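First comes the structure, then the notes that go with it.
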Amino acid sequence: MDKGGEALLKTEKLTHIYGKGTPFERTAIKDVDFEVHSGEIMGVIGHTGSGKSTLAQHLNALLKPASGRVLLNGEDIWRGEKKVSSVRFAVGLVFQYPEYQLFEETVYKDIAFGVKNSGVPEKDIESAVYSAMDFVHLDKSVAAKSPFELSGGQKRRVAIAGVIAMMPKVLVLDEPTAGLDPKGRREILSHIRAYRDATGASVVLITHSMDEIARLSDRVTVINRGEIALGGSVREVFSREDSLTRIGLRAPVVSRVLRRLHAMGIDVDCGACTVEQAIAELKRVAGDARA
Amino acid sequence: MPVLKDITLGQYFPGTSVVHRLDPRVKIILVVSYIAALFLAKGLYGYALSLCYLALAAAVSGIKPIQLVRGLRPMLFIVIFTAVLNILYIPGEHELFTVFSLSVTLEGVTTAIYMIMRLFMLVTCTFLLTYTTSPIMLTAAIEKLLAPFKLLRLPVHELAMMMTIALRMVPTLIEETDKIMSAQKARGADFESGNILKRAKALVPLLVPLFVSSFRRADELAVAMECRCYHGGAGRTKMKQLRVTAPDFAVAVPSLLYFAGCVTVGRLL
Ligand SMILES: Nc1ncnc2c1ncn2[C@@H]1O[C@H](COP(=O)(O)OP(=O)(O)OP(=O)(O)O)[C@@H](O)[C@H]1O
Ligand SMILES: [Mg+2]
């Protein structure tokens with residue numbers, strides 16, 4: 001798989017049990033080994049209830065593992081001298097439907113909440129807030145408005161900006177596009193990529209959509225019933241169509257079409273998984289055929 | 001999660017035991033009679049018999065003893081406090097020893113022990129009720145039991161509906177609180193340290209979203225109920241009819257006789 005050296009953020013045999021010791025006990029994730037390298041976008045995909053959000057909350061020390069470890073820069077986040085709160089600023093987590101956590105009178109104050117808590121000097125707060133607003137394409141004029149008078153999509157951006165403003169080294173997003181229209185989705189995804197490109201941070205993108213993974217991520221982890229089912233580069237994972245089907249997932253439409261063409265004897269490379277790549281690939285094949 | 005996981009109020013552990021299947025009205029009546037018996041019972045035998053009944057009911061219900069004991073934990077302080085007061089202030093003839101010129105008597109100690117037993121049994125039996133009866137059944141039963149008060153123009157149905165909705169919302173609110181708390185912690189909010197003023201201020205990021213979403217939920221629920229033509233109690237029928245059947249009598253009658261026994265045994269001996 002990836003040979004990029006030491007992982008920035010990593011879990012080892014991570015297991016979490018909800019409601020331990022009650023009749024409602026439930027093992028949400030089991031023996032999860034997961035790695036994020038510096039600067040990469042890691043997609044995490046799995047069915048409802050497969051444990052994606054649980055995993056996400058372990059990455060920034062919101063949940064404590066029943067067993068196993070979470071390592072940030074090689075250090076156990078529950079061991080070392082560093083306080084747990086420093087982990088929360090290094091690994092920024094955007095929750096599922098984050099707009100429900102907005103509470104301040106103005107958008108500006110709400111975005112500044114996390115930055116203030118992180119202990120950034122007063123004079124740097126303003127620039128952090130405005131640059132975060134820039135990443136998610138929020139106009140400066142919105143800053144003075146109440147977050148409650150914005151549209152759903154705008155609220156979502158404010159919430160994401162609130163985490164981006166803390167400049168986390170790893171940005172974890174739990175289904176950031178859920179409930180948005182296609183245009184809103186594309187925009188949010190491009191903001192996320194822009195953040196990675198500009199800061200070199202890593203991104204963990206949790207989603208239900210294979211197409212989003214195909215479009216954005218470098219590597220994928222497929223999680224099924226709390227256990228890692230598949231992992232590797234996007235190309236590798238999408239080529240394991242039978243394994244994906246077995247756990248009830250499907251590769252993106254594009255790679256399935258290419259695979260079908262391949263089966264029909266047309267010599268296409270099945271690795272392409274976005275529409276653009278597929279078009280390029282088909283053009284190449286068409287060109288070859290004509291020549 | 002760690003902050004809220006101890007809340008067991010109104011929690012229901014589904015099951016199929018005899019205790020679970022008993023008609024909820026019968027259960028409520030039994031619990032009320034049991035509590036009355038506890039207050040009327042006297043002496044060691046009375047309490048011992050009541051305890052036996054509770055132990056039997058708990059065993060039959062299949063609820064783990066640890067769950068029942070866990071429910072008692074919040075009570076511990078009050079119980080110990082009243083027990084100490086009882087021990088120190090009840091006058092009696094058989095003085096055991098004195099502390100700070102207050103005499104501790106045999107009567108004081110026995111009263112304290114009885115009182116502890118009584119409180120524990122009282123709380124445990126109500127927990128047994130809520131652990132084995134779903135909130136919906138509970139409120140349906142209360143509505144039925146209070147039905148006679150409709151004659152006095154008491155809005156029984158509306159009260160029961162309010163109770164049902166409130167109970168229904170408790171777990172949702174707990175879950176929501178957990179979620180918002182985690183989300184704010186992810187932005188570095190600190191709910192656990194600092195003085196009282198600081199902690200109160202730290203609650204703002206929790207309470208504002210919680211209120212906003214509660215109002216939204218209430219609004220959505222009201223609309224959803226209106227869409228389904230809800231217009232109060234008049235003429236409404238129930239999908240699940242409560243029926244008192246032979247097994248209910250088979251449990252209720254001996255139980256009530258037993259309670260009567262608990263009350264009289266202390267007086268006779
Ligand atoms: N606070 C909780 N208490 C008890 N069980 C929980 C809690 N949160 C999640 N679970 C359980 O743990 C399992 C994993 O849940 P999780 O939220 O991590 O799934 P998910 O993959 O994020 O699902 P979704 O795609 O629906 O967001 C589920 O079966 C869920 O019922
Ligand atoms: Mg989730």
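Note that this is a predicted model, so its numbers are computed, not measured.
Note on Q101(A), K64(A), Q96(A): by heavy-atom pairs under 4.5 Å with chain B, the leading option is Q101(A). If you tally non-hydrogen atom pairs under 4.5 Å between each of S213(B), A189(B), G188(B), P14(B) and chain A, the highest count goes to G188(B).
Using a cutoff of 4.0 Å between basic side-chain nitrogens and carboxylate oxygens, E75(A) and R79(A) are not scored as salt-bridged. The pair K20(A)-E25(A) does not meet the salt-bridge criterion, since no charged nitrogen lies less than 4.0 angstrom from a carboxylate oxygen. Salt bridge present: R187(B) and D110(A) bring a charged side-chain N and a carboxylate O closer than 4.0 Å.
Aromatic pair Y130(A)/Y108(A): ring centres closer than 6.0 Å.
For chain B, the nearby part of F89(A) is the side chain; its heavy atoms alone come within less than 4.5 Å.
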